[in-house]
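I have placed the structure first, in the form of structure tokens, so that the comments after it can refer back to it.
Just so you know, these numbers come straight off a predicted model, no measurement behind them. Along the sequence shown, the residues carry numbers beginning at 1.
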Amino acid sequence: MVRSDIYGGCPVEISPREGVLMKVLVTGGAGFIGSHLVRQLMKAGDEVISLDNLSTGRKENLPSQAKLEVLDIHDEEVERLFSQEHFDAVVHLAGQTLVSDSMTDPQNDMYQNIAGTVHILECCRKYGVKRVIFSSSAATYGDVDEKALPIPETLPQLPLSFYGLSKMTVEKYLALYQQVFGIHYVVLRFSNVYGERQGNGGEGGVISIFAKALAQGKGITIYGDGNQTRDFVYAGDIARGIRKALVTDNCDTCYNLSSETEINLNELVRIFSDIVGKKIVPEYGPAREGDINRSSLSNKKAQKKLLWKPEMSLEEGLKKTYEYFLK
Ligand SMILES: NC(=O)c1ccc[n+]([C@@H]2O[C@H](COP(=O)([O-])OP(=O)(O)OC[C@H]3O[C@@H](n4cnc5c(N)ncnc54)[C@H](O)[C@@H]3O)[C@@H](O)[C@H]2O)c1
């Protein structure tokens with residue numbers, strides 16, 4: 001098979017189409033992004049089962065009628081689930097999500113994010129899953145020259161963390177599983193995701209940390225001068241992008257999902273001041289080692305080929321997030 005068949009070709013007949021009911025497994029479905037995705041898939045009429053070990057996720061993140069299998073992605077029981085349910089597609093979100101933990105324990109990061117994923121892919125292969133959607137990350141690009149911003153998908157991946165490396169490695173596994181076994185896949189590289197039900201860790205954490213502290217009447221701290229920028233994208237928009245990837249008949253295999261806007265942390269605090277209705281004066285601490293200065297992913301390709309674009313304004317999304325933590 002020639003290389004273009006692996007990366008740009010469309011080697012399998014993809015049956016799901018917009019409006020057609022699909023049976024989908026969401027690993028990590030009880031987590032932050034999973035909880036947004038499961039709601040949207042159920043609303044679209046898909047049959048959805050979540051698989052989650054509840055290590056950071058919570059049952060309460062899901063609507064009461066959602067189906068949840070409390071399992072670890074490494075468990076042998078996972079195979080039973082695949083053999084019984086005959087999923088059309090799998091959205092793989094479960095894994096180790098902390099860059100910092102990957103630096104202190106690269107072996108666990110590898111076990112969760114690479115070995116765990118290969119187990120899921122083996123189940124997909126054995127039980128005829130047609131498509132896998134994978135949650136990759138901006139962390140696979142590493143620290144990029146500011147001239148290259150917003151980062152396109154074509155930029156070489158040079159991860160600086162084991163987390164970024166494990167995500168990039170899974171991308172390569174997916175390409176080879178497609179080439180060898182014909183399982184179609186779509187890699188989605190998210191920027192900093194935020195919204196209701198986000199935990200304190202993860203990559204988009206700063207918004208949930210600020211929103212939670214403010215909702216509890218506590219102060220907030222910015223590490224560094226606050227001029228560092230991030231590309232924040234609302235979790236509901238990410239969930240919409242994942243569903244687009246589930247049903248697209250475009251054969252491309254990799255997209256950034258981002259807002260393609262750069263907001264600095266001082267500006268973020270200003271927007272929070274408007275939402276809370278009083279001027280918030282943050283404390284400033286020393287810049288954290290390894291923090292990148294500017295970050296933004298191009299979303300042009302997703303706009304053109306997935307027909308996706310983010311719809312939630314940062315002001316509205318922050319308001320929803322703050323109100324969630326108030327409750
Ligand atoms: N939040 C972001 O900004 C962001 C950015 C880029 C990529 N991602 C990726 O998106 C995915 C979802 O992230 P999230 O922010 O919703 O994090 P999350 O921690 O809320 O969700 C992960 C879910 O997976 C479950 N899980 C973890 N290990 C498991 C295992 N071994 N077996 C079964 N379940 C397991 C957790 O209990 C949790 O419910 C992750 O793969 C993450 O790396 C997130």
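- By the 4.5 Å heavy-atom criterion applied to side chains, E47 and V24 are not counted as neighbours.
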Full working for salt bridge (charged side-chain N to carboxylate O under 4.0 Å, His left out) between R230 and E262: CA-CA 5 Å; R230 294 294 177 265; E262 280 186 72; over 6 Å; no
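- Counted within 6.0 Å of CD on E315, heavy atoms from surrounding residues, nucleotides or ligands total more than 12; the atom is thus considered enclosed.
- With 3.5 Å as the limit, one finds no donor-acceptor pair spanning the side chains of D52 and S50.
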How far apart are the C-alpha atoms of E196 and T321, what are their side-chain angles, what is the distance that settles it, and do they pass the side chain to side chain donor-acceptor pair (under 3.5 Å) test? CA-CA 5 Å; E196 305 95 311; T321 310; 5.0 Å; no
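- Residue-environment remark: CD (E60) exceeds the threshold of 12 foreign heavy atoms within 6.0 Å.
- No side-chain N or O of S298 forms a donor-acceptor pair with one of N256 less than 3.5 Å apart.
- Residues Y185 and I133 form no side-chain contact, since every pair of their non-hydrogen atoms from C-beta on lies 4.5 Å or further apart.
- To the nearest 0.5 Å, atom CD1 of residue I275 and atom CD of residue E316 are 8.5 Å apart.
- Here the two rings, on F82 and H86, have centers that are 6.0 Å apart or farther.
- When side chains are defined from C-beta on, I263 does not count as touching T229, because their heavy atoms never get closer than 4.5 Å.
- Ring-plane geometry between Y173 and Y177 is classed as tilted, the angle between the planes lying from 30 to 60 degrees on a 0 to 90 degree scale.
- Taking 4.5 Å as the limit, some side-chain heavy atom of I183 sits within range of a side-chain heavy atom of V132.
- Of the charged side-chain nitrogens involved, none lies within less than 4.0 Å of a carboxylate oxygen, so that D88 and R131 do not count as a salt-bridged pair.
- In this structure, A44 and R243 approach most closely via the heavy-atom pair CB-NE, 3.4 Å.
- For OH of Y324, the number of neighbouring non-hydrogen atoms (other residues, nucleotides, ligands) closer than 6.0 Å is greater than 12.
- At most 12 heavy atoms of other shown residues, nucleotides or ligands fall within 6.0 angstrom of atom CD in E76.
- Atom NZ of K23 sits in a crowded spot, with more than 12 heavy atoms from other residues, nucleotides or ligands closer than 6.0 Å.
- Using a 4.5 Å heavy-atom threshold, the side chains of L160 and L165 count as separate.
- Between I73 and H119, every side-chain heavy-atom pair lies at or beyond the 4.5 Å cut-off.
- Listed for the N299 side chain is no donor-acceptor partner under 3.5 Å among the backbone atoms of L257.
- Of the charged side-chain nitrogens involved, none lies within less than 4.0 Å of a carboxylate oxygen, so that K320 and E323 do not count as a salt-bridged pair.
- Side chains of Y111 and D105: no donor on one and acceptor on the other come within 3.5 Å.
- Within 6.0 Å of the NZ atom in K309, the count of heavy atoms belonging to other residues, nucleotides or ligands does not exceed 12.
- Salt-bridge check for R189 with E153: failed, with every basic side-chain N at 4.0 Å or more from each acidic carboxylate O.
- Aromatic pair Y234/Y194: ring centres closer than 6.0 Å.
- Relative to the six-membered ring of F325, K212 misses at least one condition, a distance below 6.0 Å or an angle of at most 45° to the axis.
- Rounding to the nearest 0.5 angstrom, the gap separating the SG atom in C124 from the CZ atom in F181 is 11.5 Å.
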